[in-house]
Amino acid sequence: MRDTWLVATPFLYRIACSNGDFHHMTTQNSTITTLREQLAFRLREALLRAGLSEDVVEISPATTSKFGDYQSNTAMVLAKRLGANPRTIAERIVASLNVADLSAPPEIAGAGFLNFRFSQEFLTRRISCIFDDDRMGVPFACHRKRIIIDFSCPNVAKPMHVGHIRSTILGDALARIARFLGHEVITDNHIGDWGTQFGKVIYGWKHFLDQDRLAREPVEELVRLYRHTHRLEEENPAIAAQARKELVLLQQGDPENLRIWKQSVELSWKEFEKIYRTLEIHFDQCLGESFYNEALRPLVERLLETKVAQPSEGAVCIFFPETPELTPCIVRKTDGGFLYATTDLATIEYRVKTWNPDAIWYVTGAPQALHFRQIFAAARRLGIQAELVHIAFGSILGEDRKMMKTRSGENVALAELLNEAIERASKIIAEKNPTLPSEERQNLASAIGIGAVKYAELSQHRMTDYVFSWDKMLSFQGNTAPYLQNAYVRIRSLFRKSNAIPQETCAILLESPEERALALRLLQFGETVSAVLEEFRPNLLANYLFELANLFHGFYEKCPVLRAENAIRHSRLALCHLTARVLSQGLSLLGIRAPEKM
RNA sequence: GCACCCGUAGCUCAGGGGAUAGAGCAGUGGAUUUCUAAUCCAUUGGUCGCAGGUUCAAAUCCUGCCGGGUGCGCCA
């Protein structure tokens, strides 16, 4: 079971994770590459021509617009290596640089920076390309991989709570983005449907089951049975022994206990499905822990035979003498039982055998870092080659800066939290747009409320512990989902009002600074999406979308669209349309809907 | 005890070797008879926890402290 609740420490651990994979890309339309790629290509050519080493091709967006659009630090890095003057090296590079079709010759500034500023012609040409591209300039990854993403993983007979939200939302966004970049993705919800908790649940079921409550609130009833038994066990060791016996019976295949177990799983799964429906998230596979039961015994036998594991004090352990900080990993207990490490290893083997993936990503809280280091190290010894990545994240805090809990100190149920999000959104819509029909409002409330929760998660660096605040995430100001959705709505409203449909490419005019800034940002969509998977950071995309929406609002303020003259009007409508498409696509990659009205 | 993560504006957070450290919120001052003001513009505010080190260049990398959090043989 991967309980994602006890989560607090940001930590990233990766094994053999690729670094350069997303640096060379192609699109369906081979003439489209990102701005960054184009400059990097030219710079590489120039370095070769100038007889300089071409392995230091650094291009990044300018830190401030007064330094142009993009900058390169290559000259300084090379100068250091050669013991030469950076500005001299910069001059050599510029002399060999052929960028006439992109920009004026770059300026050499400061300690030896190269500052590029694109020409209007180039930008307008690029905007036209992107306008005609249904991927809006997002290239496919050059190495397309088959990736299994393991996320969400709630536990049966327990309610899903806030602890699961980060894994679920992050995992889903990463899956969407990876797919969009051309990877083959298999999402697998590794449900915690087997484990010691069932001894207590079954004992409780047999002695204190309330059928009515089970029909009404199945998961709550299961939790009650678990807790009740647990409490009794603490006072009475005999009951603890009986509960353990129920567990053993279940593991031995006792029909009655198996039936109870199965029913618990089904009831829980129905609850999970409701939540996933609300979140609009689905999984390709839902192979829970129980799926691997049969594989555990032979796996441990094999681990022993191959000397990957050793008997130790009656248990079976994998030791890691080469990494002293890795404590031994138990794969079979003294009583013959197996642990989640065993299941995780069996799961890796199954996945490799069944799908032969290039990578398996685990979107799981940071506290489990050590566990994954152990599992990954063990998998290596078993000869597993696939890239194994633990995509870790921090915890969600309450307004008191402590781990988010209810007033009574319990985990916050996810279902209730999502309902509250929708209700709050509904209330806000009713205030701001009272004329909206109530059906429409309900649908909208879901898009806005759920979008707000997802965006609050995804706009944050995954490692940081963030404070959960309704007021902030549902605000229409600042870096929030409603703000982005509103930008989209404004554009859609323009088109409804004007009856304009920008189908054909028209000449794009970028005369005002606002138009130019908006266009430049639109052209950066491709490199932004591509960058997300380099370190598994959807917040890069979120930040991009926020800046795009912000630039759009600035443009909208300064540049009349419908009131403009013919050519300018067409051009501005085209910019609006492209902005809407990028916003909508970007939000969709984060799993957030862009409504037509608000 | 060992290990890991975090410490940046009053608050919430970006930035993770490059130029004078940025946003949002809050505060202050403006714009607007709207192309949905659900917006925009301007402005105040920082010893990037502390101290060393590496470097032409450190918030960023290394070491050591301090503070907060978390994890570490038979739970998941």
Side-chain angles (χ1 to χ4, degrees), chain A residues 1-13 58 60 62-64 66-67 71 73 76-77 79-80 85-86 109-113 115 153 155 192 194-197 289 312-317 324-335 337-341 343-344 365-371 373 392 394-395 397 401-403 428-429 431-433 459-461 463-467 469 471-472 475-480 482-483 485-487 489-494 497-498 535 539-540 542-543 546-547 550 553-554 556-564 572 576 597-598:
Chain A
M1 239 177 278
R2 261 189 270 303
D3 199 306
T4 45
W5 178 226
L6 296 171
V7 159
T9 318
F11 173 65
L12 168 69
Y13 184 71
E58 277 194 14
S60 52
T63 48
T64 316
K66 76 175 175 197
F67 296 139
Q71 67 181 48
N73 308 325
M76 289 180 289
V77 179
K80 159 87 178 145
N85 183 323
F113 297 93
N115 290 340
C153 312
N155 294 325
W194 196 258
T196 46
Q197 80 266 34
E289 294 178 317
S312 169
E313 298 171 33
V316 177
C317 289
E325 75 274 13
L326 278 189
T327 48
C329 171
I330 297 177
V331 290
R332 192 171 74 199
K333 297 190 282 182
T334 336
D335 67 2
F338 304 106
L339 297 101
Y340 81 133
T343 314
D344 272 348
Q368 293 191 59
L370 191 65
H371 165 71
R373 289 182 65 187
S395 43
L397 309 177
R401 295 240 54 177
K402 292 196 172 141
M403 298 254 278
I428 293 170
I429 298 161
E431 264 171 42
K432 305 214 175 192
N433 195 350
S459 58
Q460 226 68 231
H461 187 116
M463 286 303 177
T464 50
D465 300 350
Y466 74 92
V467 175
S469 161
D471 291 341
K472 277 188 182 133
S475 166
F476 286 77
Q477 286 159 349
N479 191 4
T480 65
Y483 177 82
Q485 289 167 324
N486 177 46
V489 165
R490 281 186 130 179
I491 298 172
R492 299 305 303 151
S493 159
L494 273 183
K497 195 159 266 184
S498 69
E535 288 185 300
N539 74 311
L540 296 177
N543 292 345
F546 172 62
E547 283 166 13
N550 195 227
H553 282 305
Y556 186 84
E557 203 76 21
K558 283 273 164 57
C559 305
V561 179
L562 299 182
R563 291 196 304 255
R572 289 183 179 166
C576 285
K597 292 181 189 171
M598 282 177 92

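Lettering follows sequence order; numbering is per chain, from 1.
Remark on RNA chain B: of its neighbouring residues A:S312 and A:E557, the 5'-side contact belongs to A:E557, judged by nearest-heavy-atom nucleotide. Both A:M598 and A:P328 lie near RNA chain B, and the one whose nearest nucleotide falls closer to the 5' end is A:M598.
The backbone N or O of A:Q460 lies less than 3.5 Å from no partner atom in the side chain of A:T464, so there is not a single donor-acceptor pair. Using modelled atom types, one side-chain atom of A:N433 and one backbone atom of A:M598 make a donor-acceptor pair closer than 3.5 Å. A:S498 places a side-chain N or O within 3.5 Å of a backbone atom of A:L494 that can act as its donor or acceptor partner.
Close to B:rC41, at under 4.0 Å from its OP1 or OP2, lies no side-chain N or O of A:K558. Note on A:R373: every side-chain N or O is 4.0 Å or more away from OP1 and OP2 of B:rC72. Look at A:S459 and you won't find any side-chain N or O under 4.0 angstrom from OP1 or OP2 of B:rU12.
Base pairing annotation: B:rU47 forms no Watson-Crick or G-U wobble pair, as no partner gives both donor-acceptor distances under 3.5 Å. Remark: B:rC74 base-pairs with no nucleotide; criterion is Watson-Crick or G-U wobble with both hydrogen-bond distances under 3.5 Å. Searching all strands for a Watson-Crick or G-U wobble partner of B:rU20 with both distances below 3.5 Å returns nothing. Across all strands shown, B:rC61 pairs with B:rG53; the Watson-Crick or G-U wobble distances both stay below 3.5 Å. Across every strand in view, B:rC40 sits in a pair with B:rG30 that passes the Watson-Crick or G-U test at under 3.5 angstrom. Partner assigned to B:rG67 is B:rC6, using Watson-Crick or G-U wobble distances below 3.5 angstrom.
Within the nucleic acid shown, A:N539 comes within 4.0 Å of sugar-phosphate atoms alone, with no base atom in reach, counting heavy atoms only. When heavy atoms are screened at a 4.0 angstrom cut-off, A:I428 is found touching no nucleic acid atom at all. At a threshold of 4.0 angstrom between heavy atoms, the contacts of A:C576 with the nucleic acid are absent. Across all strands, A:K80 comes closer than 4.0 Å to base atoms (heavy-atom distances). As judged by a 4.0 angstrom heavy-atom cut-off over every strand, A:N550 is placed among residues touching the sugar-phosphate backbone only. If you check every strand for non-hydrogen atoms under 4.0 Å, A:V467 touches sugar and phosphate atoms only. Among the protein residues, A:Q485 comes within range of no part of the nucleic acid, since none of its heavy atoms lies under 4.0 Å from any strand.
Contact of the A:K432 side chain with the A:F476 side chain is registered, since non-hydrogen atoms from C-beta on lie closer than 4.5 Å. Contact annotation: the side chain of A:F338 never approaches that of A:V331 to less than 4.5 Å [non-hydrogen atoms, C-beta and beyond]. Residues A:N486 and A:H553 have side chains in contact (heavy-atom distance under 4.5 Å, counting atoms from C-beta outward).
Distance check on atom P: B:rG17 versus B:rC61 gives 6 Å, rounded to whole Å. Taking the C1' atoms as reference points, B:rU28 lies 45 Å from B:rU63, given to the whole Å. A distance of about 39 Å separates the P atoms of B:rU47 and B:rC72, rounded to the whole Å. Between the P atoms of B:rU60 and B:rG24, the separation comes to 25 Å (whole Å). Separating the P atom of B:rU44 from that of B:rA23 is a span of 11 Å, rounded to the nearest Å. When the P atom is compared between B:rG22 and B:rG45, the two are found 14 Å apart, to the nearest whole Å. Taking the C1' atoms as reference points, B:rA9 lies 12 Å from B:rC25, given to the whole Å. B:rG52 and B:rA58: their P atoms are spaced 14 Å apart (whole Å).
Side-chain atoms of A:Y340 and A:H371 include a donor-acceptor pair closer than 3.5 Å.
Remark: the A:T334 side chain and the B:rC74 base include a donor-acceptor N/O pair separated by less than 3.5 Å.
In this structure, of B:rU12, B:rG73, B:rC75, it is B:rU12 that holds the atom nearest to the side chain of A:K472. Nearest to the side-chain atoms of A:F546 among the listed nucleotides B:rA23, B:rA38, B:rG71 stands B:rA23. Candidate nucleotides B:rC72, B:rU39, B:rC74 were compared by shortest atom distance to the side chain of A:L370, and B:rC72 ranks first. Residue A:T196 has its side chain nearest to B:rC75 when only B:rC75, B:rC13, B:rU39 are considered. If you check B:rA38, B:rC74, B:rC72 against the side chain of A:I330, the one that comes closest is B:rC74. Set against B:rU12, B:rC74, B:rC40, the side chain of A:Y483 has B:rC40 as its closest nucleotide. When the nucleotides B:rA38, B:rC75, B:rC40 are ranked by their closest atom to the side chain of A:H553, B:rC40 comes out on top. When distances run from any side-chain atom of A:H461 to the nucleotides B:rC72, B:rA14, B:rG73, the shortest one goes to B:rA14. Residue A:Q477 has its side chain nearest to B:rU39 when only B:rA14, B:rG73, B:rU39 are considered. Comparing B:rC72, B:rG73, B:rC75 against the side chain of A:C317 picks out B:rG73 as the nearest.
The heavy-atom pair separating A:Q71 from A:T63 by the smallest distance is OE1-N, 3.5 Å.
The CG atom of A:L397 sits 15 Å away from the P atom of B:rC6 (whole-angstrom rounding). In this structure, the CG atom of A:D465 is 11 Å from the P atom of B:rG69, given to the nearest Å.
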Anything under 3.5 Å between a protein N or O and an N or O of nucleotides 18-21 of chain B, put it in a table, one pair a line.
unit_1	atom_1	unit_2	atom_2	d
B:rA19	N7	A:Q71	OE1	3.3
B:rA19	N6	A:Q71	OE1	2.9
B:rA19	N6	A:N115	OD1	2.5
B:rA19	N1	A:N115	ND2	3.1
B:rU20	N3	A:K66	NZ	3.4
B:rU20	O4	A:K66	NZ	2.5

Side chain to side chain contact (heavy atoms under 4.5 Å, CB included) between A:T480 and A:K472: does it pass, once the steps are laid out? CA-CA 8 Å; A:T480 65; A:K472 277 188 182 133; 5.9 Å; no
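Glycosidic torsion of B:rG73 falls within 90° of 0, placing the base in syn.
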